[in-house]
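Read through the structure below, which is laid out as structure tokens, and then see the notes.
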Amino acid sequence: MRPARNPNHAIAASIAAVAFAAIAATFTFEPVPPGLPGLGAVEFPRLVSAILFLLALILGLTAASPTSEDDAPRISSRAWLIFALCLGFLPVMEIVGMIPAIPLFLLVVGLLWGGTAWPTLALSALGMGIAIWIIFVKIFRLTLPKGWLVTLLGF
Amino acid sequence: MEGFLGGLAILVDPWVMFMVFLGTVLGIFVGALPGISGSTTIALMLPMTIAMGPIPAICFLGAIYCAANFGGSITAIMVNAPGDPSASATALEGYKMAEKGQAGLALGMSAVSSAIGGIFSIFVLIIAAPLLARAAYSFGPPEYFALAVFGLSMCAAIGGDSAVKNLIAAALGVLIATVGMDLTTGVERFAFGIDELADGIKFVPVLIGLFAVGEMLDQVVRRAEKAKIIAMDAARVPGMAEFRKCNRSIWIGSGIGTFIGALPALGATTAALIGYNETRRWSKHKEEFGKGSIEGVAGPEAANNAAVGGSMVPTLALGIPGSATTAIILAALIVQGVRPGPHLFTEQPTLLYAVFASMLAANLFYLALGLYMAKFFARISLVPPAILWPFVFVLSIIGAYGPDQSMGDVVIMLVAGVVGFLFRRTGFSPAPLIMGLVLGGKMEETLKQSLIIFGDDVSMFATRPIAMALLSITAIGLFWPLIARFWRMLGVQR
């Protein structure tokens, strides 16, 4: 039987890669004028990256214990869709503005999440949208993104 | 004492008092919501406090911190789902009591012991913090550097799968803190020509992303069922007989909680678990544990609330966070232009004592609210996740965008959210990363200053006894597993 894959090895490799990339990036920093006392701009990040690399090595070598990855549930297609909607919130906000995008997002994600009837979701999405408008726009006087469509329509 | 009375006088200001009350109600509310912890809420609320001014802002956040620990116990008792991680020990006995029809008594004891633990630790804070600050007056950059290293090494013991993973997260936090312009040389580091990174990575979007969005994405994957609430009688003040029974547990919990809280990085959850174990160890009714022991509710509840005051001691006196939540409060102080440390006691004593007084008031508020409105707060756990979590995401977007009205901050927040989500899935805790981020700047600055003082000779650290003691404790703590293994090997050979 093939032994189970230990995710800690992959984690350790990723961390080591980050540390290595950070060390490499320090060589692209602008040089410091010579003669300045104490540490320059590159030494501290290099020191921290080297410690990070060492810790990743230790994790990789001592990664025998089971990790919580074993307990982490699989990401379902519905979860991926909600992730995509979270990312999609930004472009939608750019188009219709933040205040109209909020109830829309709350309703669609709520429906995808499941377990709650749509009239309840619609009502709460509308209520929360209004509450956010009152608190942030009217009370805190925050200028939230309006969206080019709203600007185009002259609102 | 004069300073404390000045702090109490600030509470007479209706605006400050209102913020403390609001923070208490919000703290109980979110504490009772499984999944949303006090630290998540403080991270979410931080941007909204920027315009308030330092005193109301810190009083508000401090009240949330105090009340969230108590709020977590309500759902731990009623639903067996701790609303806050620090209430996980309370669920062990509290839910068993609720099943036996003693939910009201468990909630009452939880409120009273939480308030006693919280008030005890605030008095310790009032006495110990100025003493610690006075001692820290003699600290120079080498001592502060050693203290920051010690604080980060303590991260090994918080949350997550393993000590190594916690240290990796802390080191990542320190590395992130180096992003932006180096103040001593003017060199831009890890900015890659991106304007948003040139000034360094801001605390607010990272905090919101790691805690709120990371948790939200994790909840998307888990999509937990709606909680089922247990029937309850009204919360009631425990009688004299119950008090006599729990007297020892409350004081054990209060003492342990204050001490654990004062240690850098260790917070209320560790305090509650150790408080529970010690309560059981010293109990005269050990047989009741596991079947619904009222002492098992009193001990950890006193401990987790006592940890709040305890964790504020190093945060305010030294600028070294006592827990993940105080790391966020420390960030809030910095955002408000207040730099915690010993000089704070001479420069801004009013602010400090206002914080102490507001925490005291928050404890009294949640005692009253807990006893009279526990039934209402318990119903909070019935809020459907399909409504709650998308709303948390929207609030996170506004929170990241609000302070500087920058979409770049929203993107940083989303990236931090993905990191927070991956952390949770791979057994990392986000708390050490925050500690690293908060302490990283101070660490680099004090190391640079130390090396200038020492003429670039690292061995000169040996001439500073306090710094050496702290570095030695750090080294022993980090290498203890190796030392212990070596001793065991020696024992086997003999």
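Numbers restart at 1 for each chain; the letters A, B, ... are given by sequence-line order, proteins then strands.
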Is [X] close to chain B through its backbone or its side chain, or both, or neither, when contacts mean heavy atoms under 4.5 Å?
| X | value |
| --- | --- |
| A:Glu43 | neither |
| A:Leu90 | side chain |
| A:Ser124 | side chain |

Rounded to the nearest 0.5 Å, how far does [atom2] of [Y] lie from [atom1] of [X]?
| X | Y | atom1 | atom2 | value |
| --- | --- | --- | --- | --- |
| B:Ile397 | A:Leu144 | CD1 | CG | 11.5 Å |
| A:Leu59 | B:Lys165 | CG | NZ | 6.0 Å |
| A:Ile11 | B:Thr426 | CD1 | OG1 | 4.5 Å |
| B:Ile398 | A:Phe136 | CD1 | CZ | 5.0 Å |
| A:Ile82 | B:Trp389 | CD1 | CH2 | 13.0 Å |
| A:Phe44 | B:Asp182 | CZ | CG | 10.5 Å |

What option among [options] has the most heavy-atom pairs under 4.5 Å with chain B?
| options | value |
| --- | --- |
| A:Leu52, A:Val42, A:Thr28 | A:Leu52 |
| A:Ile132, A:Ile51, A:Val18 | A:Ile132 |
| A:Ile75, A:Val109, A:Thr116 | A:Ile75 |
| A:Gly110, A:Ala25, A:Pro45, A:Pro31 | A:Pro45 |

*Close side-chain approach of B:Pro390 to A:Met128, heavy-atom, < 4.5 Å*: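 The answer is no; the side chains never approach within 4.5 Å.
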_Contact check, side chains of A:Val48 and B:Glu444, non-hydrogen atoms, under 4.5 Å_ = no
Under a 4.5 Å heavy-atom cut-off, does chain A meet the side chain of [X], its backbone, both or neither?
| X | answer |
| --- | --- |
| B:Glu188 | backbone |
| B:Phe393 | side chain |
| B:Tyr401 | side chain |
| B:Leu175 | both |
| B:Leu422 | neither |
| B:Val410 | side chain |
| B:Phe421 | side chain |

*Does atom CD of B:Gln405 have more than 12 heavy-atom neighbours from other groups under 6.0 Å away?*
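Yes, the 6.0 Å shell around CD holds more than 12 heavy atoms from other groups.
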*For the candidates B:Leu395, B:Leu172, B:Ile453, B:Leu414, which exhibits the highest count of non-hydrogen atom pairs separated by less than 4.5 Å from chain A?*
B:Leu172
_Choice from B:Thr178, B:Leu451, B:Thr185 maximising heavy atom contacts with chain A below 4.5 Å_ = B:Thr185
*Given side-chain contact (heavy atoms from CB on, under 4.5 Å), test A:Trp113 with B:Ile387 step by step and report yes or no.*
CA-CA 9 Å; A:Trp113 200 295; B:Ile387 292 177; over 6 Å; no
*Which atom pair, heavy atoms only, marks the closest approach of A:Arg74 to B:Arg425?*
CA-NH2, 4.4 Å
_A:Gly114 versus B:Ala386, closest heavy-atom pair with distance_ = O-CB, 3.7 Å
*For the side chain of B:Arg189 and the backbone of A:Ala41, is there at least one donor-acceptor N/O pair under 3.5 Å apart?*
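Answer holds: yes.
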